[in-house]
Amino acid sequence: MKIATYNVNGINARLPVLLRWLAEQAPDVACLQELKAMDDKFPVLAINQIGYKAIWHGQKAWNGVAILAKEGFDLEEVGRGLDGDPDDAQSRYLEARVNDILVCCLYLPNGNPAPGPKFDYKLAWMERLIEKGKQLVKLDKPVVVLGDYNVIPTNLDAYKPERWVGDALFFPETKEAYMRLLDQGWTDAIRKLYPDETIFTFWDYFRNAYARNAGIRIDHFLLNPTLAPSLVAGGVHSHVRGWEKTSDHAPVWIEIRT
DNA sequence: ATGGCATTTAAAAAATGA
């Protein structure tokens, strides 16, 4: 089974790119982030027409997450949103069962500028995710928590790491919270497959960043111990970042033995 | 240190992203 994550940066603005990528790569499951659309603006018809079911959690203008699965897969929503803050109205977490795998799609807050209230929200959100992770990691069933983490885990994950010092994606507290999550027993699937390679999933729109390969790795797959032994392959569809009217993220994928 | 670009909302310019 191939599972992908893709921060589309506006699902309606990127619909041609999204459909082209789905047709070209045909992932079995695709988790999307940054829909930037309300629920009734989600392009479900176009997605159904190319053979995918979908569930989504939208929001006006910002955020928004969705889980797509090919027709023939069993897709059932398990929940939306993280516990721990009843006042949180941002659509950033969606959980579904796809066949026997629990698929948890997230769009972790950016947190800039740091320090500040947005950074506080990011760190609080990470604490809520860590609470959730405690339960998920120990399940007997296979679990993947994937999406745009907005975390650059190590110096290996950034072109010129010194440029990211002081950024919320690379702040000591951000990396520390992410490490605490990993230490629950999660496997960073892409880093497991490529322990020493420079791999990027995001290139900003400025300064010709994609052509210079001046990127960062912030889209991650975390596998629980039940699922981790089934990992067989993975990578980044970086060529999609070179398409017209494309997102600043590229799709990332893994393959699971089922 | 700053700004470069792209999107949404909504009707010009602000907010957001990373």
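Each chain gets a letter, A, B and so on, in the order its sequence line appears, and its residues count up from 1. Heavy-atom basis, side chains included; hydrogens, waters and symmetry copies ignored.
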Report summary line: A:Glu34 atom CD is separated from B:dT9 atom P, nearest whole Å, by 13 Å
Requested in this report: Over 60° means perpendicular and under 30° means parallel, so classify the ring planes of A:Phe42 and A:Trp56, tilted if in between.
Outcome: parallel
Query - A:Asn150, nearest nucleotide to its side chain (from B:dG17, B:dT7, B:dA18) - result: B:dA18
Query raised in the report: Touch check for A:Asp148, heavy atoms < 4.0 angstrom, all strands: base, sugar-phosphate only, or nothing?
Result: sugar-phosphate
Query raised in the report: Across the strands shown, which category fits A:Lys118 at heavy-atom distances under 4.0 angstrom: base, sugar-phosphate, nothing?
Result: sugar-phosphate
Report summary line: Closest to the 5' end of DNA chain B, once A:Lys60 and A:Arg14 are matched to their nearest nucleotides, is A:Arg14
Requested in this report: Whole angstrom is fine here: how far is it from CH2 in A:Trp62 over to C1' in B:dA18?
Outcome: 13 Å
Query raised in the report: Which of the following nucleotides, B:dT7, B:dT9, B:dA18, is nearest to the side chain of A:Lys245?
Result: B:dT7
**Report entry** Integer angstrom distance from the P of B:dT16 to that of B:dA10
**Finding:** 14 Å
Query raised in the report: Of A:Asp167 and A:Leu35, whose closest DNA chain B nucleotide lies nearer the 5' terminus?
Result: A:Leu35
Query raised in the report: Base, sugar-phosphate, or nothing: which does A:Asp219 touch, judged by heavy atoms less than 4.0 Å apart?
Result: nothing
Query raised in the report: Do the side chain of A:Asp204 and the base of B:dA18 come within less than 3.5 angstrom through a donor-acceptor pair of N or O atoms?
Result: no
Requested in this report: Grab the CZ-P distance between A:Arg241 and B:dA18 for me, whole Å please.
Outcome: 13 Å
Query - Rounded distance (Å) that lies between atom P of B:dT16 and atom OH of A:Tyr205 - result: 18 Å
Requested in this report: Sticking with atom C1', work out how far B:dA11 lies from B:dT7, rounded to a whole angstrom.
Outcome: 16 Å
Query raised in the report: Please give, in whole Å, the distance from B:dT8 P to A:Ile11 CD1?
Result: 11 Å
Report task. Compare side-chain N and O positions of A:Asn110 against OP1 and OP2 of B:dG17 and report whether any pair is under 4.0 Å apart. Result -> no
Query raised in the report: Counting any heavy atom closer than 4.0 Å, what does A:Tyr107 reach on the DNA or RNA strands: base, sugar-phosphate only, or nothing?
Result: sugar-phosphate
Report task. Quote, to the nearest angstrom, the P distance that separates B:dA12 from B:dA1. Result -> 37 Å
**Report entry** Nearest-neighbour nucleotide for the A:Arg163 side chain, B:dT8, B:dA18, B:dG3 considered
**Finding:** B:dG3
**Report entry** Span that lies between the P atom of B:dA14 and that of B:dG3, in whole angstrom
**Finding:** 14 Å
Report task. Check every strand shown and say whether A:Ile216 touches a base, only sugar-phosphate, or nothing at a heavy-atom separation below 4.0 Å. Result -> sugar-phosphate
Query raised in the report: Rounded to the nearest 0.5 Å, what separation is found between the CE atom of A:Met126 and the OH atom of A:Tyr149?
Result: 9.0 Å
Query - Whole angstrom value for the distance that separates P of B:dA6 from OH of A:Tyr210 - result: 15 Å
Query - A:Tyr93-A:His57 aromatic ring centre distance below 6.0 Å - result: no
Requested in this report: Provide, to the nearest angstrom, the distance between the CZ atom belonging to A:Phe119 and the C1' atom belonging to B:dA18.
Outcome: 13 Å
Query raised in the report: Counting only side-chain N and O atoms of A:Asn7, is one of them less than 4.0 Å from OP1 or OP2 of B:dA18?
Result: yes
Query raised in the report: Between CD1 of A:Ile254 and OG of A:Ser230, what distance do you get to the nearest 0.5 Å?
Result: 9.5 Å
Query raised in the report: Step by step, would you call A:Trp203 with A:Tyr210 a ring-ring contact (aromatic ring centres under 6.0 Å, His included)?
Result: CA-CA 5 Å; A:Trp203 299 260; A:Tyr210 177 62; 5.3 Å; yes
Query raised in the report: Tell me: NZ of A:Lys36 to C1' of B:dA14, nearest whole Å?
Result: 13 Å
Report task. Any chance you could measure A:Arg97, atom CZ, to A:Glu76, atom CD, to the nearest 0.5 Å? Result -> 4.5 Å
Query raised in the report: Looking only at side-chain N and O atoms, does A:His249 come under 4.0 Å of OP1 or OP2 in B:dA18?
Result: yes
